[in-house]
Each structure stands twice: as C-alpha cells, then as structure tokens.
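Just below is one structure, and these are the notes that go with it.
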Protein chains: 2
Amino acid sequence: MQNSQSSSKRFLDIIGELQSLISEQKIEYGDRLPSERHLAEKLQVSRTAVREALRSMELLGLIETRRGEGTFLSDFKKHQLVEVLSTFIMQQARSIQDVVETRMIHERAAITTITENEELRMLPVWIGMQSKLRERESVFWRVDMVRETIVATENRLSLKIWFLLKQYSGVSFDVPIEADEEIAIVHELLDEMMAGNTEKALICYEKWMNQVEGERRETE
Amino acid sequence: MQNSQSSSKRFLDIIGELQSLISEQKIEYGDRLPSERHLAEKLQVSRTAVREALRSMELLGLIETRRGEGTFLSDFKKHQLVEVLSTFIMQQARSIQDVVETRMIHERAAITTITENEELRMLPVWIGMQSKLRERESVFWRVDMVRETIVATENRLSLKIWFLLKQYSGVSFDVPIEADEEIAIVHELLDEMMAGNTEKALICYEKWMNQVEGERRETE
DNA sequence: TATGCAGGGTGGTCAGACCACTCTTTTGAA
DNA sequence: TTCAAAAGAGTGGTCTGACCACCCTGCATA
C-alpha cells in the first residue's frame with residue numbers, strides 16, 4: 001500500500017524514518033544504529049532498501065559504517081561529500097578561483113562581525129591568539145587565526161561552509177609556517193580588529209592574503 | 001580479488017567509475033545514462049551495487065531517475081540534498097538565524113564587489129533593473145535584484161550557496177511584493193551601488209533587510 | 001487512417017544466500 | 001590458575017534471480 005504513495009522515492013521515505021528513529025531514541029553522534037537487518041524488519045522493508053538509504057546517508061557523511069561492527073551516527077567529519085561534489089559541482093564552478101573567493105567572503109564577513117561588535121572583541125581568545133603568535137605556541141597559527149575568528153561569530157553554518165571550502169583552496173593553507181613578516185601582518189590585523197577599525201582590518205586581511213597567495217605561487 | 005582492495009568503499013569506487021564514464025562519453029546534463037543492468041555488466045559488479053551508488057548520487061541531486069524511462073544526469077536542480085541537510089546538518093546550526101545571516105553574508109559581499117568594480121557597475125543589467133522597478137515589469141523584483149547582483153559577480157559557487165540558503169530563509173522572499181516603500185529603498189540601493197559608494201550601499205541593504213524582516217514577522 | 005494492445009526495456013523492490021570481518025564466549029592446554 | 005586459540009554470533013558487503021510498476025514503441029486490428 002505504501003508503494004502507491006504518490007511519486008515520493010522510497011529510499012527518501014526510509015531516510016526520513018531513520019531520522020525520526022534517531023531523534024526518538026535519542027541516538028547521538030558516535031552511537032550505533034540498529035543493524036540493517038533489524039531496521040529492515042522494523043520498517044517493514046527489505047534490507048536492500050535500507051541499505052540504499054544508508055549508503056546515501058553515508059555519502060553525505062551523516063553516518064559511518066564499519067564492517068563487522070555496525071553503523072554509527074557520524075560526527076559529520078567524513079568528507080565523501082566534499083570529494084564527490086568536487087568532481088561534479090565544482091566542475092560547474094568557474095574555477096578554483098571561485099572557491100578561494102567564496103572562502104574569503106566568509107573570512108571577511110567574520111572579521112567585520114568581530115570588529116564591529118564590542119562584546120565579541122572582548123573575548124579572551126584574542127588575547128590568547130596574540131600571545132600564541134608572540135610565543136609561537138602553535139605552528140598552525142595561520143589557519144588557527146581564521147578559524148577562531150569565524151568560530152567567534154557563532155555562526156556555525158558559516159563555519160561549516162568555510163571548513164569545506166578550505167579543503168580546496170590551497171593545501172598550503174594547512175602547512176606549518178614560520179614567517180616573521182606574515183606574523184607581523186596578522187598581529188596588525190588583530191590590533192585593528194581590537195581597535196574596532198573595520199576598514200583597516202580588512203585592508204590588513206587583503207595584504208595578508210596577497211602575501212599568502214604570492215607564497216603559494218612561488219612553491220609551485 | 002577486487003574485493004580485498006584496501007578499505008575503500010565499493011560504492012565510492014563505483015561512483016568514481018561512473019564519473020569517468022560520464023566524462024569519457026561526454027554525457028551532459030539532461031542526457032540519459034546507461035541502464036542499471038548495462039552498468040552492472042560494464043563495471044563487472046552486481047546491479048545491487050550499482051543501485052547503491054546511484055541512489056547516493058540521486059540524494060545529492062547529481063542524477064535523476066524516472067521509472068520506466070531511465071537515469072538522467074541532473075542539472076543540480078533537485079533539492080533532496082537540501083531537504084536532508086535541513087533536518088540533519090541544520091539541526092547543528094544554532095538556528096534558522098544562522099542561515100539568514102549566512103545568506104546575507106553572500107549578499108553583502110556581492111554588493112561590495114559590484115560597487116567597488118567600475119566595470120561591473122557598467123553592466124546593462126542595472127539599467128534594466130532600474131526600469132524594471134520603475135515599470136513594475138516583474139513582481140519578483142525582490143529576489144531578482146539580489147540574484148542579479150550575485151550573478152554579476154560571476155562567482156558561481158557563491159551563487160549556488162546563496163540559492164540553497166535562500167530556500168530556507170523565509171519563503172516570503174519568493175512571494176510577489178507590491179510595496180512602494182520597499183521599491184524606493186531598492187532604488188536607493190541601486191543608486192548608491194552605481195555611485196560606487198560601498199558604505200552607503202550596505203547601509204541601504206541593511207535598511208532593506210530590516211524592512212523585509214519586519215514584514216515577515218507581521219505575517220506570522 | 002486511427003485506435004488499442006502487446007512486448008521489451010527501465011527503474012523499484014524483495015528474499016535469500018554467501019563472504020569477510022569484529023567481538024564475545026567457550027574451550028583447552030600450559 | 002592463566003591465557004591463548006578456537007568457535008560462535010552478529011554485522012556490513014556483495015551477489016543472484018525473481019517479480020512488479022511503469023513508459024515507450026510498433027504492430028495488428030477495427
């Protein structure tokens with residue numbers, strides 16, 4: 001009977017039922033889902049149908065499967081989605097340039113948000129960042145700096161998008177860096193942000209990105 | 001033999017092979033893919049495995065299947081992705097507020113890009129937009145205005161993200177509107193953009209969004 | 001000529017069978 | 001008693017073959 005249910009796709013229904021089941025049973029990230037066989041019985045469909053739904057969710061990074069162990073609700077850390085989208089959707093994008101530009105859109109927006117909000121400027125993370133730079137506590141300060149800025153805006157969606165984009169736009173972004181000159185620029189950026197000077201902060205950011213870009217080209 | 005191939009997921013391999021096949025055979029958007037049975041034979045796997053891969057791709061909106069007809073390469077217009085993300089990933093996002101804010105990030109960035117680039121300001125689309133507003137050629141000028149702005153930046157990735165976000169942040173966004181006051185604001189926004197005055201243009205934009213937001217709340 | 005019906009191809013679903021793997025329990029030898 | 005090996009149960013991974021619902025086309029019939 002449920003078959004004749006309009007034109008809705010079966011495996012989409014199953015995904016929906018899985019979502020309900022997950023929220024009902026309060027399954028959290030990392031927890032195990034019922035086995036495919038149990039799900040098939042519970043939902044009154046074949047194991048094949050359950051598997052098609054699960055594979056789709058796996059591709060999206062929503063779940064994780066381990067042979068012999070089970071299916072687990074994922075912490076959305078898997079990047080199959082990214083990989084697949086990279087070869088399909090990104091093909092449509094003009095070029096890698098779009099990715100870089102879009103990433104920068106989110107970064108500029110975050111800087112602006114912080115700079116223009118007095119409360120956010122007071123966060124202890126900035127003090128920590130400054131001393132981190134000074135004492136070279138982490139060699140990943142480049143990515144740390146940007147990430148903390150976006151995190152501070154408390155826009156988790158923007159953070160998520162940024163995180164995805166970052167994986168394309170230059171691997172060098174994640175590479176440890178030890179450049180005094182760059183550290184100086186980031187210091188300046190931080191200072192301008194703390195001073196609430198949006199315009200100058202954005203100029204610093206542009207300067208910084210130009211330097212990073214130049215560096216990237218040299219290594220090619 | 002192929003089974004013992006490390007730990008890589010079978011259906012991911014199949015998706016990869018499908019991608020190769022699509023680019024080799026120059027299959028374009030809207031074209032039909034080989035049938036599931038043919039693919040299974042060609043790739044030397046069972047139809048089950050092919051289907052799991054296809055269902056995943058369908059969920060992503062990469063393909064479209066029509067019973068009795070076949071499987072077609074999609075123009076990425078389907079929104080299964082959006083629907084699923086809305087209930088899973090968006091759950092993680094602080095709230096719908098994140099979506100709105102992120103959408104506005106892309107809109108502000110587009111306005112800035114246009115305003116600060118003299119060539120882009122010369123595009124005929126703005127003249128057209130102005131007369132469109134004046135003569136009320138389209139009742140969808142609200143969404144038209146924003147879309148055209150982002151289109152003009154030629155960042156297709158940003159456009160794609162914006163399009164997805166738009167579907168959440170207030171359905172009223174797509175509803176025909178006939179408000180003189182709002183038209184006046186958009187006119188002003190256009191004028192400031194054409195004048196290359198970024199700061200004022202952004203202020204206009206904020207004013208506009210505040211009005212739209214107030215309007216939305218009233219109808220609730 | 002126009003209509004309708006049958007057949008072939010397609011995706012949708014299912015049941016059942018193995019395999020490979022992981023973990024727990026049981027067993028048996030040191 | 002201890003602990004390592006073997007057996008079992010449970011899980012995902014894959015495959016086969018079958019049937020259904022649907023779409024299209026071409027042929028036969030009116």
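Naming: A, B, ... by sequence-line order, numbering from 1 per chain.
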Measure [atom1]/[X] against [atom2]/[N] and give the value in whole Å, please.
X	N	atom1	atom2	value
B:R51	C:dT10	CZ	C1'	11 Å
B:F72	C:dG11	CZ	C1'	11 Å
A:E41	C:dC14	CD	C1'	15 Å
B:R55	C:dT13	CZ	C1'	12 Å
B:L43	D:dC15	CG	C1'	15 Å
B:M57	C:dG11	CE	P	13 Å

Test of understanding: with side-chain contact (heavy atoms from CB on, under 4.5 Å), list the residues that count as partners of [X], not counting sequence neighbours.
X	answer
A:E69	A:R66, A:F72
B:I127	B:Q130
B:S20	B:E24
B:A109	A:I105

Applied to residues 41-52 of chain A, the salt bridge (Lys or Arg N to Asp or Glu O under 4.0 Å) test, sequence neighbours excluded, yields A:E36-A:R47, A:E36-A:R51, A:R51-B:E52, A:E52-B:R51

Most 5' of A:R47 and A:I14 on DNA chain C, judged by nearest nucleotide: A:I14

Hey, is A:R108 close enough to A:E101 for a salt bridge, meaning N to O under 4.0 Å? yes

From the options D:dT14, C:dC14, D:dG13, select the nucleotide whose nearest atom is closest to the side chain of A:T65.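 From the listed options, D:dG13 comes nearest.
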
Distances for protein N/O vs nucleotides 9-11 of chain D N/O pairs under 3.5 angstrom?
{"residue": "D:dG10", "atom": "N2", "partner": "A:G68", "partner atom": "O", "Å": "3.3"}
{"residue": "D:dT11", "atom": "O2", "partner": "A:G68", "partner atom": "N", "Å": "3.4"}

Reckon B:T48 has a side-chain N or O less than 4.0 Å from the OP1 or OP2 of D:dT16?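 No, no such contact exists.
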
